[in-house]
Every structure is written in structure tokens, then in C-alpha cells.
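Worksheet: the structure to be examined is printed underneath.
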Amino acid sequence: MTMKDVRVRFAPSPTGALHIGGAHTALFNWLWARHSGGRFILRIEDTDLERSTPEYERTILDGLKWMGLDWDEGPDAGGDWGPYRQSERLDGYRRRAVELLDRGLAYKDGDAVIFKVPLGVEMTLHDTIYGDINIQSDRASMNQDGSVKDIVIIKSDGMPTYNYAVVVDDHDMNITCVIRGEDHISNTPKQMLLYRAFGWELPEFAHLPMILGADKKKLSKRHGAASVFEFSDMGYLPDAIFNFLALLGWTAGNDVEIFDRELATTLFDLAKVTKKPAVFDMDKLNFVNQEHLKRLGAAARREIIEPFWRSLGLSPERREKKYLEDALSLMGGRGRTTKELAEFSDYFVDFGPVKERYDASDISSDRRLAIRGFLGELLSSPEWEAAKMEELARRWCETNKTPLKDIAMPLRLALTGRKVSPGVFEVAALLGRDECRARLTHYGFVG
RNA sequence: GGUCCCAUCGUCCAGCGGUCUAGGACACCGCCCUUUCAAGGCGGCGACACGAGUUCGAACCUCGUUGGGACCGCCA
């Protein structure tokens, strides 16, 4: 016997950019498809003529690609169960509506078609994540006062409603497993009634826990960054967003928290997804991002940081690639985001930002004199190498009864304009003798 | 208001009746390294919401209470 091939789908409506909640849903669908060797289908639910736009569809597709989520069937990819835009599947919805009308299960109200909710039907939603949920058809669709409300399936404008279109499409597209946000649990009974009316087999349902803002309310634009591209702009890596989002409602187990797509794919299990809504925690995201940043190879790191240097007004292309890569390696694990890493390392790219933030006015003339003595020696030292420079510095400090700190800090400030940096001598070594001389001369520390 | 869902450190997860004086991670705090920390090392603080059952035994099962959330559109 062969298991039915898994077919899952992500069905966004193109009424806005892909944001965190949607990205989370898409991610879990993708993980399940890839884990089980099934297919990941992208369907565009553009039945809201007012709000849907091709531009939004584009940004959603781009957002998914940015996250590294590829789909096997979709509006641009094609597939055997197309078309993949609901606006292009209107015939199916209408034909089915007529069928319901003919069978007396629905009635017309003007141009709209309304499905008559049957009374007294006991149903059980077998949810892979939430378990069994029992509902009575009388409560599947209600007015505010609790009275039964029939379900509109075709709107007056001829377009299908959400609850109707999903059912028809999930059936027609042979979707085997519906994975979506928990906010859809209350819609499911209505949909089950429709499946029942058509005599169709139910797909597997798996509702994902909501993602909440720090205030524990459903995440929305008012919580700050909404679109995945905003996270990209802030300096978050797609791999980190992927990793972090996967951690919301699921664990890889064995204390594994940092992983790539491949590991997540092999370890993923729908049945192990949590029920509890998860708060989107920026601190944790920062940590995950930093870990991914650390794991990047030198060249990849440079390529990712370069645009951020440019947006700081710097010109990394004027530097050797090798030099920039060495600089970033020197930075070690510093910086939680690519943006921070770029800012923290700006002095390697250009002297400009250093001059902007440091003017050496904190150095008294006495100190300056002492510093000049040391730096003169340093600049003329035969070997321009970190360890040798440090050795020289230590010896000089010993003979001059000066704490190393008193010369290391001014040097750091003059070279980087910052109080924090990798080891100064390593920084100096990488910057090069000429560059160091130029910077120190600017501050009147030598010459 | 109605329907449904959820409930372990501040946050994300582990825990599936005994191995729990509840484990990890983030954050926070402290210490160490050191020329600096935004890097690295070490440690600390910190939770089973409450109340009844069931059971020899409950974080784990049941019920209730409380708290939180989602949904109640010819939006999706």
C-alpha cells in the first residue's frame, strides 16, 4: 500500500505584503511538504476585487523566495491542478453553486447564492495539532445573537466567498492537508458543512498556533515590522527568519535551536507542533540572527554586508575583497544584525565615519606627548604584524611606566572612532601602516 | 454577548503518571579574560495559574474556577 502523496498549500490573498504571520504559515506548509516528500502549492486568493492587486501578489511571491521557500505549483510555476489564482477558477465555483441550488441545498438572494445550514448535524474536526473538536452544525455559523446564519457562498458581484472557495479549491486541487493559522479553526465547521454537502472527503486539518506581539495580541502592523522585507532592511538574514519562525510552535529537539533548512526539513514533524500561541520575541530573533551571521563564510558575509556599508554612504568596492573579508572575520561574532555589523566595522571601509565621531579633544597635551612617543616607534617598527606590535607596546609601556590601556585606548579611538573594537593591534595590522599613519596624523598623534 | 481554543521561568521550547528538589535557549544580573566589548568563558536569578478529584503516586488524566486569545462580514 502506498501513502497518499502529501499536497499542502499556502493560500495568501494579495491584499498586502507577506508578513510574519503569513510567512510562519507558509514556512510550516513548506517544511511539511519537503519533509514528507510532498508538494507545496501556492494559490492566490484574489476574490476580493477591491483590495487585491498584482503588485501585492508579486511582493508575496518575492517574500516567499526571499525566505527560501520554493513552491512546486503556483501562478507562475504552473502545475496540473491550475489555474492557481481564484479569479481564474470562477467557473468551478459557479458550477458547484448551481449544483447546490439544483439539489435544494442553497438558495438565491438577489445575485448572491446562500448555502442553507443544516440543523442538528454533529461534526468532529480531527485536527492534527489541536486534537478532536466537536461542533454542532447549528453553531457553525451564527449571528451575534447566536441564531443560525446561512452561509453566503457566491457574493452579489459573482465572486465566491472565502469559506466556499477554499473548499472547492482544496478539493479540486487535491490538497491532502490544510495547514493554516489557528484563527481559522472557527471557519472550519462551515467548510466541513460544505464538504459534507458535496459528499467530498475531508482533507487533514492542522491549525498552527497564532503568533502574538509583545502585548499578546495577534500580530499586526501596529506591532512594528510587518513585512518580511522590513526585516531584511533591518539586517535580518532570511536563514535567521526561517530558523526563528520555525522555533515558534516547534522544536527540533535535542536542544538544537540553530539550524538550516536541510536540518529543519529532516527533523520537522507536524504532529509535534505546539498549541500555545507564541509571542514574537525580538531578543530571541536577534540572537538567532547573530548565530547565523557567525556561521557565514567570509565571502558570503562580505557580500551580505556590502549593501549595508553602502547605505551608510561608504564605498566598499574601493577596497580589496580579501581585505574586507579579513576585516569581517576580525569582527568575530560582533553585531546581531547585518546592519549592526556594517556599522560596527565601518572604519575598515573608510576613515570618514571615524572623523565624524571622534575629534581627540579628550586627550590632554601631556597625554598626547606620551602617545606620540609610542606611536612614533610603532609606525617605524620593522614588522607590521599584530603580535609584534603588541609586544612592542608592552615593552614600551613597561619602560615608560605606563599602563597599556593608556596607549591602546587612544590608538583605538583614532583608528576606529569607537571605544569598542577587536584587538587594536589586529585592527592596526589589517588597516596597514600607511592608513594608520594617515589616521594618526589627522589627530596630531604623530608627525 | 455567543461559539471555540489555550494555560510550565519575563519570552520560546523540553516534559506525555514515578528518573522533577522541573531541563535547555533568549533576555536579565554577576564574575572572569582583556588594551575595549558589541567577542569569548563561567555562574546566578527565575515557572508547573488556582481548587477539587482519579491514583500508592500528578506538571502530566478528569472536572470546575480564574486568566488570556481567536472567531462571530456578500474580508480572507
Side-chain angles (χ1 to χ4, degrees), chain A residues 11-16 45-48 50-52 86 109-114 125 127 130-131 133-136 138-147 149 151-166 180-190 207 209-210 212 214 216-218 244 247-258 272 274-288 290 294 330-336 340-341 343-344 390 393-394 397 403-413 416 418-425:
Chain A
S13 57
T15 56
E45 310 217 321
D46 56 351
T47 54
D48 183 343
E50 300 287 296
R51 300 192 301 147
S52 300
Q86 292 189 325
D109 178 10
D111 291 326
V113 179
I114 322 283
L125 162 56
D127 193 284
Y130 283 86
I133 298 171
N134 300 309
I135 357 84
Q136 202 194 141
D138 305 47
R139 348 214 76 160
S141 176
M142 291 181 297
N143 290 299
Q144 288 264 353
D145 65 8
S147 58
K149 188 184 185 197
I151 302 168
V152 177
I153 58 173
I154 299 285
K155 301 183 268 184
S156 305
D157 66 1
M159 298 300 272
T161 55
Y162 165 73
N163 282 123
Y164 175 62
V166 247
R180 68 218 324 183
E182 187 240 69
D183 47 344
H184 283 289
I185 282 187
S186 46
N187 283 320
T188 310
K190 297 178 193 131
H207 288 90
M210 291 280 75
L212 278 20
K216 307 238 177 165
K217 292 258 163 44
K218 187 175 169 180
F244 174 70
L247 251 19
L248 259 29
W250 176 70
T251 359
N254 296 111
D255 292 337
V256 176
E257 288 208 292
I258 302 301
K272 285 204 299 215
T274 319
K275 291 190 257 255
K276 201 178 99 181
V279 173
F280 188 96
D281 182 19
M282 276 304 234
D283 286 328
K284 184 78 175 223
L285 205 213
N286 284 329
F287 165 76
V288 172
Q290 184 165 29
K294 284 182 197 170
L330 244 196
M331 291 302 292
R334 276 164 266 247
R336 295 175 304 180
E340 269 189 359
L341 217 202
E343 284 168 8
F344 292 169
E390 182 172 342
R394 288 189 190 284
C397 285
L404 181 56
K405 186 181 181 168
D406 285 6
I407 56 166
M409 213 53 195
L411 179 59
R412 167 175 288 116
L413 250 1
T416 71
R418 295 183 187 283
K419 284 187 281 197
V420 175
S421 80
V424 236
F425 301 110

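Lettering follows sequence order; numbering is per chain, from 1.
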Atom CG of A:Asn187 and atom C1' of B:U3 are separated, to the nearest Å, by 12 Å

Regarding the side chain of A:Thr274, the nearest nucleotide among B:C26, B:A14, B:C12 is B:A14

On RNA chain B, more 5' by nearest nucleotide between A:Ser156 and A:Lys419 is A:Lys419

Taking B:G24, B:G69, B:C4 as options, the one with an atom nearest any side-chain atom of A:Ile185 is B:C4

| query | Heavy atoms under 4.0 Å, any strand shown: does A:Tyr130 hit a base, just sugar-phosphate, or nothing? | reply | sugar-phosphate

In Watson-Crick or G-U wobble terms, with both distances under 3.5 Å, the base opposite B:C28 is B:G44

A:Leu212 CG to B:G69 C1', in whole Å, measures 7 Å

Does B:A76 have OP1 or OP2 under 4.0 Å away from a side-chain N or O of A:Arg180?
no

B:C12 phosphate, OP1 or OP2, under 4.0 Å from A:Lys276 side-chain N/O: yes

How far does the C1' atom of B:A22 sit from the matching atom of B:C9, given to the nearest Å?
10 Å

P atom, B:U8 versus B:A59: distance in rounded Å? 15 Å

Between B:C61 and B:A7, how far apart are the P atoms? Round to whole Å, please. 10 Å

Taken to the nearest whole Å, CG/A:Asn286 to P/B:C28 is 10 Å

CZ of A:Arg336 to CE of A:Met282, rounded to nearest 0.5 Å, is 9.5 Å

From the candidates B:C12, B:A76, B:G24, the one with an atom nearest any side-chain atom of A:Thr47 is B:A76

B:C56 -> Watson-Crick or G-U wobble partner, both distances under 3.5 Å, gives B:G18

Rounding to an integer number of angstrom, what distance separates B:C60 and B:A49 when you compare their P atoms?
8 Å

- Aromatic ring pairing A:His184/A:Tyr162, orientation class (parallel under 30°, perpendicular over 60°, tilted between): tilted

Paired to B:C63 by Watson-Crick or G-U wobble criteria (both distances under 3.5 Å) is B:G51

The nucleotide from B:C71, B:A25, B:A76 with an atom nearest the side chain of A:Asp48 is B:A76

Query - Presence of A:Gln144 side-chain N/O under 4.0 Å of B:U3 phosphate oxygens OP1/OP2 - result: no

Please evaluate residues A:Met142 and A:Lys149 with respect to the criterion side chain to side chain contact (heavy atoms under 4.5 Å, CB included), reporting the C-alpha separation (whole Å), side-chain torsions for both, the decisive distance (0.1 Å), and the verdict. CA-CA 5 Å; A:Met142 291 181 297; A:Lys149 188 184 185 197; 5.6 Å; no

Rounded distance in Å between the C1' positions of B:A58 and B:G53
12 Å

Review point. With respect to the phosphate group of B:G2, does any side-chain polar atom (N or O) of A:Lys149 fall under 4.0 Å of OP1 or OP2?
Key: no

### Query
How would you label the contact of A:Ala278 with the nucleic acid (heavy atoms, under 4.0 Å): base, sugar-phosphate, or nothing?
sugar-phosphate

Counting N and O atoms only, with roles assigned by atom type, does the side chain of A:Tyr130 sit under 3.5 Å from a partner on the main chain of A:Lys275, one being a donor and the other an acceptor? yes

When rounded to whole Å, the CZ to P distance for the pair A:Phe425 and B:U34 reads 14 Å

Start with the C-alpha gap between A:Thr188 and A:Arg180, add the side-chain angles, then the distance that decides, and say whether side chain to side chain donor-acceptor pair (under 3.5 Å) holds. CA-CA 11 Å; A:Thr188 310; A:Arg180 68 218 324 183; 3.2 Å; yes

Exercise. What is the nucleic acid contact for A:Thr251, judged by heavy atoms within less than 4.0 Å: base, sugar-phosphate only, or nothing?
Worked result: sugar-phosphate

Could you go through A:Glu257 and A:Lys284, starting from their C-alpha distance and side-chain angles, then the distance that decides it, and tell me whether this counts as salt bridge (charged side-chain N to carboxylate O under 4.0 Å, His left out)?
CA-CA 11 Å; A:Glu257 288 208 292; A:Lys284 184 78 175 223; 3.1 Å; yes

- Message: Under 4.0 Å, heavy atoms only, any strand: does A:Asp109 hit a base, just the sugar-phosphate, or nothing?
- Response: base

- Main-chain N/O of A:Asp48 paired with A:Arg51 side-chain donor or acceptor, under 3.5 Å: no

- Applying ring pair (Phe, Tyr, Trp, His ring centres under 6.0 Å), run through A:Phe280 and A:Phe244 and close with a yes or a no. CA-CA 9 Å; A:Phe280 188 96; A:Phe244 174 70; 5.0 Å; yes

Picking from B:A38, B:A27, B:U11, the nucleotide nearest the side-chain atoms of A:Met331 would be B:A38

With the side chain defined as heavy atoms from C-beta on, A:Arg412 is closest, among B:U35, B:C74, B:C13, to B:U35

Separation of B:G68 atom C1' from A:Lys216 atom NZ, nearest Å, is 8 Å

A:His207 atom NE2 is separated from B:C6 atom P, nearest whole Å, by 13 Å

- [ ] Take atom P in B:G73 and the same atom in B:C12, then report the distance between them in whole Å.
- [x] 30 Å

Out of B:U35, B:C4, B:C6, minimum distance to the side chain of A:Ile133 belongs to B:C4

Determine: side-chain N/O of A:Lys218 to OP1/OP2 of B:C71, distance under 4.0 Å, yes or no. yes

Review point. For A:Asn143 and A:Ser147, does a side-chain donor sit closer than 3.5 Å to a side-chain acceptor?
Key: yes

| request: Check every strand shown and say whether A:Gly253 touches a base, only sugar-phosphate, or nothing at a heavy-atom separation below 4.0 Å. | output: nothing

In whole angstroms, the gap separating P of B:U35 from CD of A:Glu390 amounts to 7 Å

message = Using a 4.0 Å heavy-atom cut-off, does A:Arg336 contact any base of the nucleic acid, only the sugar-phosphate backbone, or nothing at all?
response = nothing

Which is true for A:Lys294 with a 4.0 Å heavy-atom rule: it touches a base, it touches only sugar-phosphate, or it touches nothing?
-> sugar-phosphate

NA contact type, A:Val424, heavy-atom cut-off 4.0 Å: base, sugar-phosphate, or nothing? base

P-based separation of B:U34 from B:G24 [nearest Å]
29 Å

Worksheet entry | Integer angstrom distance from the C1' of B:C45 to that of B:C28 | 8 Å

Picking from B:A70, B:U36, B:U35, the nucleotide nearest the side-chain atoms of A:Val420 would be B:U36

To the nearest angstrom, the CG-P distance between A:Asn134 and B:C5 comes to 8 Å

Hey, does A:Gly335 reach any base, or is it just sugar-phosphate, or nothing, if we go heavy atoms under 4.0 Å?
nothing

Considering only heavy side-chain atoms of A:Met142, the closest of B:A70, B:A27, B:G2 is B:G2

Over all strands shown, is A:Gln290 touching base, sugar-phosphate only, or nothing at heavy-atom distances under 4.0 angstrom?
sugar-phosphate

Comparing nearest nucleotides in RNA chain B, the 5'-proximal residue of the pair A:Glu257, A:Trp250 is A:Trp250

Exercise. Any donor-acceptor pair under 3.5 Å joining the side chain of A:Arg334 to the base of B:C37?
Worked result: yes

Answer for the Watson-Crick or wobble partner of B:G2, both distances under 3.5 Å, is B:C71

### Message
For a quick check of understanding: with a heavy-atom distance under 4.0 Å over all strands, which category does A:Pro403 fall into, base, sugar-phosphate or nothing?
### Response
nothing

